[in-house]
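Taking it in order: structure first as structure tokens, then the write-up.
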2 protein chains.
Amino acid sequence: MEFHQLRYVCAIAETGSFSRAAERCQVAQPSLSQQVLKLEDDLGAKLFDRLGRSVRLTEAGRAFVPHARSILNQMEAARATVADKSADVRGSVAVGVIPTIAPFLMPRYTAGFAKRYPEANLRIVEEMTPVLVESLRNLSIDIAVLALPLRHKDLELIPLHTEPLFAVLPKDHPRAGAKSLSLKELRGESFVMLRDGHCFRDLSIAACTHAHVTPRIAFESGQFSSLIGMVAAGVGISLLPEMAIDRNPGCRYIRVSDARATRTVVAAVLRGRSFNRIQQAFLAGIQK
Amino acid sequence: MEFHQLRYVCAIAETGSFSRAAERCQVAQPSLSQQVLKLEDDLGAKLFDRLGRSVRLTEAGRAFVPHARSILNQMEAARATVADKSADVRGSVAVGVIPTIAPFLMPRYTAGFAKRYPEANLRIVEEMTPVLVESLRNLSIDIAVLALPLRHKDLELIPLHTEPLFAVLPKDHPRAGAKSLSLKELRGESFVMLRDGHCFRDLSIAACTHAHVTPRIAFESGQFSSLIGMVAAGVGISLLPEMAIDRNPGCRYIRVSDARATRTVVAAVLRGRSFNRIQQAFLAGIQK
DNA sequence: TCCGGAGTATAGTTATCACCTATGGAATTC
DNA sequence: GAATTCCATAGGTGATAACTATACTCCGGA
């Protein structure tokens, strides 16, 4: 059974003639005859009674034609559905962001996007890196905005932004007036840091370790603003990515000069997967 | 779009691999690859993300596959429906009979049939010839049991039975003891006859006319039994087909010897049309 | 009863295309 | 880094749907 055979049969049923059906289907009449014979042979039953003057559906034909029409309709529906999916500006995109980036970058990313694609359905998920990586893998999110380092061969990483780290010191700290400083100058200080699981905590510790500094941790929190408050209160010092600086009057922010003391923000997507128009638009938006 | 392409896509969606799908579909893997690429090109969208290890449906693919499955199912349904129609012993047959045959032949025809095909749906219509011919043409009946002559080129006639005519005389009629008689011996008699429209009336009159007898009609009725009653009461004489003889004690039945004084019963069907198994069985049943 | 017209089937040819085998190339595993 | 596992590409072949030309069948009119 082939689609063109169904088209032929429907055309014959509608026009009541092989010749007119052939004309409508833009084929020669013998081609159409042959294909109908072939289909009848395939089905093991005649679909039409060929009379001299006209043609009539047999009982089997009357039973078959509605199916044929329905199949052809469904074929068109399938085609239309696919066309929809790839052209639709009302598509969905789900984006995951880690907590140490979300409040600083996402507002900027989403504002322009929502204006440009008002019919799009944008969903944002804020979770820590391992959760987001898993979400990428099981397709519950399409794009994740994360910080390096990331070692997952199944992810494709698109660098978005590299920023220096800053030391946060209480305003009366001896180094509070410096233009910049190196991590090793902070040896022996108490630190306030993000809780375990936040990748920025790992990044900070790694930077210190590289400078041969072992940070003593006096306080932990889940958000930068708490850390900054603690620094202002004299509990310890901290490290921040540039974007998290909030100019608390009790603190001074000093750029860390170590070459490795940077954070790189990337967009991560599952390697090899494809994206709908909306997802592509979001990805393009965050890269510029 | 082709059926085999849909089969391939479904197989890939189920097995998660082009190679395994090719195996299941009994084709070489490159053939399957080509057909999928062709379909994707046709649809204007990728259906699968080809990763190194495995294969995943794209958004478009997820939308497409259910349609594909449904189309394939419907194709099977169409095939099954047709197979059903041609093999079904629960089919329908509608038979038309004229009133001058119905009571005598139909019981015999239908008894064996109903026993042999208890699941069949047999419908019997009793009407005069022109109505039945029209019913054959508009397919509201499948088979008609009629009497000759019939001049309709669109009908195919199958002779079933040829019977002599009998004269019905009151038992005290001068010819009541004869073994046979010719129509011209009835010249001058009063006749009782079927009403206009019954073909047996036409046949009787035609037979008389051929014998140069012009029947004078003293009484008309719609059924043979009334005619026979009238003959017994001495109103006139009549003509009957053999099958209508009922041995009324007030009558004598004398065979008419004229060569043309016969009735031929035929099965009539629309020329060129096809029949389901049940219809064929009925036709076969009435011919033996 | 024969002819012409309308309609479908058959014959023979051509071109397309689905299939095959062999091979290339990318990703992953050991 | 070699082996393995996939999918894609290349080139050749056979099946088949298309075409043109023609035969056959039915039907209405002369």
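Naming convention: chains lettered A, B, ... in sequence-line order (proteins, then strands); numbering from 1 in each chain.
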Whole-Å gap separating [atom2] ([N]) and [atom1] ([X]):
| X | N | atom1 | atom2 | result |
| --- | --- | --- | --- | --- |
| B:Phe18 | C:dA27 | CZ | P | 16 Å |
| A:Leu39 | D:dT16 | CG | P | 15 Å |
| B:Glu156 | D:dT25 | CD | P | 15 Å |
| A:Glu23 | C:dG7 | CD | C1' | 13 Å |
| B:Arg56 | D:dC7 | CZ | C1' | 16 Å |
| A:Ile12 | C:dT8 | CD1 | P | 8 Å |
| A:Arg7 | D:dA17 | CZ | C1' | 13 Å |
| B:Leu155 | D:dC26 | CG | C1' | 15 Å |

Heavy-atom contacts, protein to nucleotides 17-23 of chain C, under 4.0 Å, summarised as B (base), S (sugar-phosphate only) or - (none) per nt, yield SSBBBB-
Requested in this report: Would you please say whether a donor-acceptor pair under 3.5 Å links the side chains of B:Thr162 and B:Thr264?
Outcome: yes
[X] (side chain) donor-acceptor with [Y] (main chain) under 3.5 angstrom:
| X | Y | value |
| --- | --- | --- |
| B:Gln5 | B:Glu2 | yes |
| A:Asp142 | A:Ala94 | yes |
| A:Gln287 | A:Leu283 | yes |
| B:Glu40 | B:Phe48 | yes |

Note to self: So, applying side-chain contact (heavy atoms from CB on, under 4.5 Å) with A:Leu47, which one of A:Val55, A:Leu37, A:Ile12, A:Leu39 is it?
What the structure shows: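 Single side-chain contact (heavy atoms from CB on, under 4.5 Å) partner of A:Leu47 among A:Val55, A:Leu37, A:Ile12, A:Leu39: A:Leu39.
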Establish, with yes or no, whether the OP1 or OP2 oxygen of [N] is under 4.0 angstrom from a side-chain nitrogen or oxygen of [X].
| X | N | result |
| --- | --- | --- |
| A:Arg50 | D:dT25 | no |
| A:Ser33 | C:dT10 | no |
| A:Ser17 | C:dT8 | yes |

Under 6.0 Å between ring centres, would you say that holds for A:Phe113 and A:Tyr117?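 Between A:Phe113 and A:Tyr117, the centre distance is under 6.0 Å.
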